[in-house]
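Accompanying notes for the structure given below.
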Amino acid sequence: MNDSALLLTLCYVAVAFLLLVLCLATHWPRWVKMGMIGIVTLSYLFAQGAFQRMLGWPADERLPEKFVLLAVVTQEPDKEHGVGGALYLWVNAIRDNRPVPEPRAYRLAYRKDLHSVLNDAMKKSRQGISQIGSTEAPAGGKVGSWLRNAADPNVKVRISDAPSPSLPEK
């Protein structure tokens, strides 16, 4: 747990304490107190989900349109233990034809075809061939649609070899 997570936890405790004081010290109707307890409890749950993405856990968000593939970790589905499987990607997004300085981890739903593509890409990456990825919206959809699930399992991911860098002339 880093300092931000500890500070956040202390803020949660402070809000819960203030809520307790309000519930005990006021003569507000019972439904108001129950509503406040429900709202504060739900806000903890939503905040927990939001802060997990900030703490370095893999994001369930859509991949950037173009990215440099750095690493892949595969968790294959296990029906015996009820594990659905996932593909964890560590990528650098490409903006203005340059990789951003900070990589980010993403979690995608396990798909056998995507697993194969990413496995081949990692083999090339281990041979020193950088891999560039791109995402493509499925037919009839738009990748950036806010109504679509951010980690849409139907988004197509393409991986290709990075072009060799052009060196300046001597």
Side-chain angles (χ1 to χ4, degrees), residues 1-9 11-12 42-170:
M1 182 183 287
N2 60 24
D3 291 340
S4 299
L6 178 64
L7 182 62
L8 187 65
T9 302
C11 290
Y12 285 163
L42 287 177
S43 71
Y44 287 163
L45 296 176
F46 287 121
Q48 177 67 21
F51 285 112
Q52 275 194 345
R53 283 183 242 146
M54 294 173 56
L55 293 175
W57 294 100
D60 286 327
E61 298 177 1
R62 66 180 169 87
L63 285 166
E65 288 185 29
K66 287 189 87 174
F67 57 88
V68 177
L69 181 65
L70 302 174
V72 175
V73 173
T74 303
Q75 179 184 18
E76 293 192 26
D78 184 1
K79 291 181 182 176
E80 187 175 308
H81 294 100
V83 177
L87 297 165
Y88 299 96
L89 279 68
W90 195 256
V91 305
N92 264 4
I94 296 177
R95 289 193 196 123
D96 301 327
N97 292 326
R98 292 180 159 225
V100 297
E102 297 176 356
R104 181 144 192 209
Y106 293 89
R107 185 177 71 186
L108 302 175
Y110 181 85
R111 290 188 347 230
K112 195 166 187 134
D113 60 333
L114 185 57
H115 179 191
S116 176
V117 168
L118 293 173
N119 200 21
D120 291 342
M122 285 310 300
K123 285 178 184 173
K124 287 185 177 179
S125 184
R126 281 187 215 113
Q127 295 170 355
I129 304 169
S130 295
Q131 299 295 299
I132 301 292
S134 62
T135 57
E136 181 179 313
K142 182 180 174 187
V143 172
S145 173
W146 64 275
L147 290 174
R148 183 175 298 277
N149 183 0
D152 188 350
N154 297 321
V155 172
K156 294 181 180 177
V157 177
R158 294 178 187 238
I159 306 289
S160 60
D161 297 347
S164 55
S166 58
L167 299 174
E169 294 182 24
K170 290 183 179 180

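All residue numbers in this chain count up from 1 along the given sequence.
- Closest heavy-atom contact between Pro103 and Leu70: CB-CD1, 3.6 Å.
- Within the 3.5 Å criterion, the main-chain N or O of Val91 finds no donor-acceptor partner in the side chain of Tyr106.
- Atom NZ of Lys112 sits about 7.5 Å away from atom CD of Glu76, to the nearest 0.5 Å.
- Classification of Arg98 and Asp96 as a salt-bridged pair fails, no side-chain N sitting under 4.0 Å from a carboxylate O.
- Here Ser160 contributes atom OG and Gln131 contributes atom CD; the two are 7.0 Å apart, rounded to the nearest 0.5 Å.
- When all heavy atoms are compared, the tightest approach of Leu87 to Ala109 is CD1-O, 4.1 Å.
- Among all heavy-atom pairs drawn from Ile159 and Ala121, the shortest one is CG2-CB, 3.4 Å.
- For the atom pair Leu118 CG and Leu69 CG, the distance stands at 6.5 Å (nearest 0.5 Å).
- For the pair Trp90 and Val73, the minimum side-chain heavy-atom distance is 4.5 Å or more.
- Taking each heavy atom of Gly84 and Pro77 in turn, the nearest pair found is O-CB, 3.5 Å.
- Summarising the geometry, atom SG belonging to Cys11 is positioned 9.5 Å from atom CG belonging to Leu6; distances are rounded to the nearest 0.5 Å.
- Contact of the Val83 side chain with the Gln75 side chain is registered, since non-hydrogen atoms from C-beta on lie closer than 4.5 Å.
- In this structure, Val157 and Phe67 approach most closely via the heavy-atom pair CG1-CZ, 4.1 Å.
- For the atom pair OG1 (Thr74) and CG (Asn119), the distance works out to 6.5 Å, reported to the nearest 0.5 Å.
- Looking at every heavy atom in both residues, His115 comes nearest to Tyr110 through ND1-OH, 2.8 Å.
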